[in-house]
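A quick write-up on the structure given underneath.
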Amino acid sequence: KNEVEQSPQNLTAQEGEFITINCSYSVGISALHWLQQHPGGGIVSLFMLSSGKKKHGRLIATINIQEKHSSLHITASHPRDSAVYICAVRPYSGGGADGLTFGKGTHLIIQP
Amino acid sequence: EAQVTQNPRYLITVTGKKLTVTCSQNMNHEYMSWYRQDPGLGLRQIYYSMNVEVTDKGDVPEGYKVSRKEKRNFPLILESPSPNQTSLYFCASSLWPLREQYFGPGTRLTVT
């Protein structure tokens, strides 16, 4: 059974700090997604990656396929980054069509 | 504007009264899916669809039905809702399974 573990579960930091959220999974995957969910519930896709590293603004996502691990980094954090960050993986099935398995999320609060 | 829409956004109903939550996307996406989100359990996939007339079970399909008669629509049907189906439901779509997911705004369902 595929397991997706995120750490930490909760994180409070000061504005400007460098933030790292980790995601580990237990099976071979086709892709890994990082999602952001703001209070009020809407979910936005931040990254989808299957190897290496991606950057978008102050957000950086990395993945190590051999170690089955991914990290999401936020540089120069801001109170508007406060949200729940969710890791999701799609197990490798050859056709790439298997469903997503989600981590339970990391609740991030950035204080001014 | 590219979007995934869900209706209704909020619904309170009684046990056993059949209901349908609609999902529609205007991006000509092949892949659509339904998730439920519960405190402490995170997001879990209910059903997904690779294309018209092609649907498959996710992790928690019991008590739900879906259909995909047109590419743009993927309704979620609860034939006989029960209180344990009280949850926040999200529909999502993507061009292919291994592409970025676009989420609808969510439907908060309460079954009494």
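Order of the sequence lines fixes the chain letters, A, B, ..., with proteins taken first and strands second; residue numbering starts at 1 for each chain. The figures here come from the full heavy-atom set of this structure, side chains too, leaving out hydrogens, waters and symmetry mates.
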### Task
Please say whether the positively charged group of B/Arg44, taken as NZ for Lys or CZ for Arg, lies over the ring of B/Tyr64, i.e. under 6.0 angstrom from the six-membered ring centre and within 45 degrees of the axis.
no
### Message
Is the distance from the ring center of A/His73 to that of A/Phe18 below 6.0 Å?
### Response
yes
### Query
Parallel, tilted or perpendicular: which describes the rings of B/His29 and B/Tyr102, with under 30° parallel and over 60° perpendicular?
tilted
### Side chain, backbone, both or neither of B/Tyr35 within contact of chain A (heavy atoms, under 4.5 Å)
side chain
#### Entry: Per-residue contact mode, A/Gln9 against chain B (heavy atom under 4.5 angstrom)
neither
### B/Asn51 and its side chain to side chain donor-acceptor pair (under 3.5 Å) partner, picked from B/Lys71, B/Arg68, B/Glu30
B/Glu30
### Message
Need one label for A/Leu46: side chain, backbone, both or neither, based on atoms under 4.5 Å from any heavy atom in chain B.
### Response
neither
